Amino acid sequence: MKKRKGMFALLVVVIGIIGLFFYSSYSKPAPFPTEEALKKDINETFPEASVKTIQDIIHVDERHIVVPFISLNKYYGLSYWIWKKNKWRVAEVDNREEPMIWKIEDRKRPKYVYVWNIFHKNKVDSFTFYLTRQRDYITWDRKSLYVPPVQMTEKVLLHNKTYGVFPIPEDWSAIKDYARPVQTDWLFSNEEDGDSLNFGWRPNAKPGVKEPIDFTNNGESFSTGDIILLFPELLEKGSRDLYE
């Protein structure tokens with residue numbers, strides 16, 4: 001009898017732990033903090049941010065939010081927020097000038113979102129974003145494999161805003177799904193799924209502005225490690241990596 005009671009108690013504990021996990025993982029997020037609370041939280045987490053103005057609150061999805069800001073020193077930055085363990089938590093704060101890609105893990109497939117906040121709004125009219133792959137031809141032991149090139153482009157107007165987000169289009173996601181590692185009876189590639197595809201970007205100047213526009217990436221950042229940010233490649237006009 002004691003053994004049965006012990007087993008029942010253990011079962012109750014296990015069910016409770018599983019229930020708590022699902023509640024903390026899939027519960028509906030609470031209302032997002034106010035702007036004053038955001039400034040306080042960001043500045044306490046990363047004092048170098050010195051946030052003065054919250055520019056916007058952009059919902060990437062229900063559990064991921066981007067908050068662009070301007071610092072006391074007039075730097076333009078971004079903070080990335082995740083609903084985790086029943087709380088909105090800041091995952092990263094940075095003031096990089098260049099667009100980044102936020103890779104968000106999902107049960108179905110990862111989401112990829114371009115994010116940016118730049119001070120060049122008076123110079124930049126739009127961004128052109130790229131998904132590319134260079135053609136390749138692999139031979140081994142009298143066998144060969146041709147890997148065709150890929151180049152997808154999307155032009156995104158800034159509308160005189162310094163900040164923005166751009167989830168990659170569905171056809172880009174489909175191509176990344178299709179770009180599986182190469183595996184045959186004579187060749188195996190251990191690259192991650194879709195790693196042969198590269199993200200890129202290019203700023204397009206407003207009329208009368210000299211190109212190329214100088215972007216540097218010397219900003220500061222703080223990360224909790226709960227986020228994946230990718231650096232897309234800056235592709236200038238006439239780049240040998242583009243088919244134009």
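FYI, side chains are in, hydrogens and waters are out, and symmetry mates aren't considered; it's all heavy atoms of this structure. Computed from a prediction, not measured in an experiment: that's the story for all the values here.
For Ser223, the side chain to side chain donor-acceptor pair (under 3.5 Å) test picks out Glu92, with sequence neighbours left out. Qualifying side chain to side chain donor-acceptor pair (under 3.5 Å) partners for Trp116, counting only residues two or more places apart in sequence or in other chains: none. In this structure Glu62 satisfies the salt bridge (charged side-chain N to carboxylate O under 4.0 Å, His left out) test with no other residue, sequence neighbours excluded.
For Thr224 against Val90, the heavy-atom pair with the smallest separation is CG2-O, 3.3 Å.
In this structure, Ile70 and Thr162 have side chains that are not in contact, with every pair of non-hydrogen atoms separated by 4.5 Å or more.
A donor-acceptor contact shorter than 3.5 Å links the side chain of Ser79 to the backbone of Val67. For Asn117 (side chain) and Phe69 (main-chain N/O), a donor-acceptor pair under 3.5 Å exists by modelled atom type.
Using cut-offs of 30° and 60° for the angle between ring planes, the Tyr80 and Trp102 rings count as perpendicular.
Salt bridge status for Asp61 with Lys111: present, with a side-chain N to carboxylate O gap under 4.0 Å. Between Glu105 and Arg63 there is no salt bridge, since no side-chain N of the basic residue sits under 4.0 Å from a carboxylate O of the acidic one.
Between Tyr112 and Trp172, the distance separating the two ring centers is not shorter than 6.0 angstrom.
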Between Ile168 and Tyr114, is the side chain to side chain contact (heavy atoms under 4.5 Å, CB included) condition met? List the steps.
CA-CA 7 Å; Ile168 68 170; Tyr114 280 90; 4.2 Å; yes

